[in-house]
Number of protein chains: 2
Amino acid sequence: MLPSSTVENYLKAIFLGQSQLTGAQRLLPMGQLALSLGVAPGTATTMVKALAESGLVEYEPYNGVRLSGAGSRLAALVLRRHRLIELFLVQVLGMRWDEVHDDAEQLEHVVSERLIERIDEVLGHPEVDPHGDPIPSREGEVVWRALDSLLTCPLHTPVTVMRVTDQDAAFLRFLEKHDLKPGQSIEVEARDEVSDSVSLKGKTDQRITIGMRAASKLLVEVR
Amino acid sequence: MLPSSTVENYLKAIFLGQSQLTGAQRLLPMGQLALSLGVAPGTATTMVKALAESGLVEYEPYNGVRLSGAGSRLAALVLRRHRLIELFLVQVLGMRWDEVHDDAEQLEHVVSERLIERIDEVLGHPEVDPHGDPIPSREGEVVWRALDSLLTCPLHTPVTVMRVTDQDAAFLRFLEKHDLKPGQSIEVEARDEVSDSVSLKGKTDQRITIGMRAASKLLVEVR
DNA sequence: ATTAGAATTTTGAGTAGTCAAAATCACCGC
DNA sequence: GCGGTGATTTTGACTACTCAAAATTCTAAT
């Protein structure tokens, strides 16, 4: 029985939700799942119970849900398709990185194995998508790269933007406008808790100050 | 209310079914529709009544169904997407023409306006897909080109294969193997009702004999 | 220990699409 | 004009997914 688009979306949401979680439990609460999927809480409960039936997740009533091995593998494959498609749309079709998410969201559920492997080949087996998100392997494995965010990296040190953990189009356009796309090199000049802000110095010495919430979404690596 | 994949498939099937029809009525019988969609006859009836409610088709109980203007335009747009995608998969991703149909069948329901226009542009606004099927315009208009089939074209006259009206993978591979793809030049040497066969002469003087049913699926133009 | 408040689950109902099988209709041959 | 045959429609039921709102459970504060 191949999974429906709905099932794939649930698995993906659990996968992504779980990856935000700290702690060994990795139990994603129903409310959070329902919110990220845009469904009513009861709907999520019902669906998760069904997923548990088919062995794709482990469900602890009132506590939350966690992917099983099989579920995790399936979710990673959905993500693999999504990210390859995003990169393809940008690289081959010349679409902007802030406008490919919705198309990829649809396409990820219908591209055949053959087609996605073709795309992977044309792209030269890339490791990350346009946002720096890692592309899971054909086998459903993801390489988790430990990265600092702009909140945790050292000050006055050149760092390279590696990944952006927010797909919002306006936010992405903002990053593009200020040369903060993955690959760019920057330095954190200062952080200030009180004003909730982080000051950056760009390559050509432009300065820019952003909020901490935004700063937390930019992952970097010390060079 | 944007049409579901199911609705799009019904409209497409009616469009295609109607185009096979002779006569001014152009009424497609329910049985034929159900058959081409692979659903039970009663299912088709139910669905068609709903389509009639929303003004996409005209339904005459016990006689059949016919697309309305709006339905026809919508169907043509689905076909436009399908055919652009097929050509894209062949031209840009290097897939074989006999293996792109199923992917296109899925993708046609989810590609955004933006994406399909991008594809159209990359392909240089083509007029036909890999099988020679005309690509409807952005506005949902199709240019019907009058073509002979191998059953009706003149004998001993060079003709160019323009279109193949069968998507079966094995049939397409057969055509490829014998240089009968659109664009190829051939001549009909003989037709024989009794043996139900048509004899062809290819470019490099190879000869080949095929059945009349197969011959009817190859549309050609006298040069 | 109680209890208020929040999160979760349950319940009842609705939509879209489907099928099998029973009922009905249309038409052709006599 | 009558009946039989084949196509069509109707009926009743089922699956997958969804919601709103009622009921329940958990947790944390007193």
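Within every chain, numbering begins at 1; the chains are lettered A, B, ... in the order of the sequence lines, protein sequences first and strands thereafter.
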ask   = Do B/Arg66 and B/Glu60 pass the salt bridge (Lys or Arg N to Asp or Glu O under 4.0 Å) test, and can you show the C-alpha distance, the side-chain angles, and the key distance before you say yes or no?
value = CA-CA 9 Å; B/Arg66 167 176 40 226; B/Glu60 294 186 13; 3.0 Å; yes
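We find that CG of B/Leu35 is positioned 16 Å from C1' of C/dC19, with the value rounded to whole Å. Atoms CG (A/Asn9) and P (D/dA16) sit 17 Å apart, rounded to a whole Å. Rounded to whole Å, atom C1' of C/dA6 lies 14 Å from atom CD of A/Gln32. In this structure, CD of B/Glu8 is placed 11 Å from P of C/dG17, rounded to the nearest angstrom. The distance from atom CD of B/Glu60 to atom P of C/dC25 is 18 Å, rounded to the nearest whole Å. B/Leu28 places its CG atom 9 Å from the P atom of D/dT8, with the value rounded to the nearest Å. In this structure, the CD atom of A/Glu53 is 17 Å from the C1' atom of D/dC17, given to the nearest Å. The distance between atom CG of B/Asn63 and atom C1' of C/dT24, rounded to the nearest whole Å, is 15 Å.
Within the 4.0 angstrom heavy-atom criterion, only backbone atoms of the sugar-phosphate kind lie near B/Gly31; the bases stay farther away. Within the nucleic acid shown, A/Thr43 comes within 4.0 Å of at least one base atom, counting heavy atoms only.
The residues B/Glu139 and B/Arg73 are annotated as not salt-bridged, no charged nitrogen and carboxylate oxygen being separated by less than 4.0 angstrom. For A/Arg138 and A/Glu113, the salt-bridge test fails: no basic side-chain N is under 4.0 Å from an acidic carboxylate O.
Residue A/Asp98 is tested with A/Met95, A/His101, A/Arg96 for a side-chain contact (heavy atoms from CB on, under 4.5 Å); the sole match is A/Arg96.
Comparing C/dT8, D/dT10, D/dT18 by their closest approach to the side chain of A/Met30 singles out C/dT8. Closest to the A/Pro29 side chain, of the nucleotides C/dT9, C/dT8, D/dT18, is C/dT8. Side chain of B/Tyr62, nearest nucleotide from D/dT24, D/dT18, C/dC25: C/dC25. Listed nucleotides D/dT8, C/dT9, D/dC17 differ in distance to B/Tyr59; the shortest reach to its side chain belongs to D/dT8. Between D/dT10, D/dC17, C/dT10, one nucleotide has an atom nearer to the side chain of A/Met47 than all others, and that is D/dC17. Out of C/dC19, C/dT10, D/dT10, the shortest distance to the side chain of B/Thr45 is found at D/dT10. Comparing C/dG17, C/dT18, D/dT18 by their nearest atom to the side chain of B/Ser4 picks out C/dG17.
Side chains of B/Ser112 and A/Asp103: a donor on one and an acceptor on the other come within 3.5 Å.
Contact check, A/Tyr10 against D/dT18: a side-chain N or O comes under 4.0 Å of OP1 or OP2.
Nucleotides of DNA chain D nearest to A/Thr6 and B/Lys49 differ in position, and the one nearer the 5' end is that of B/Lys49.
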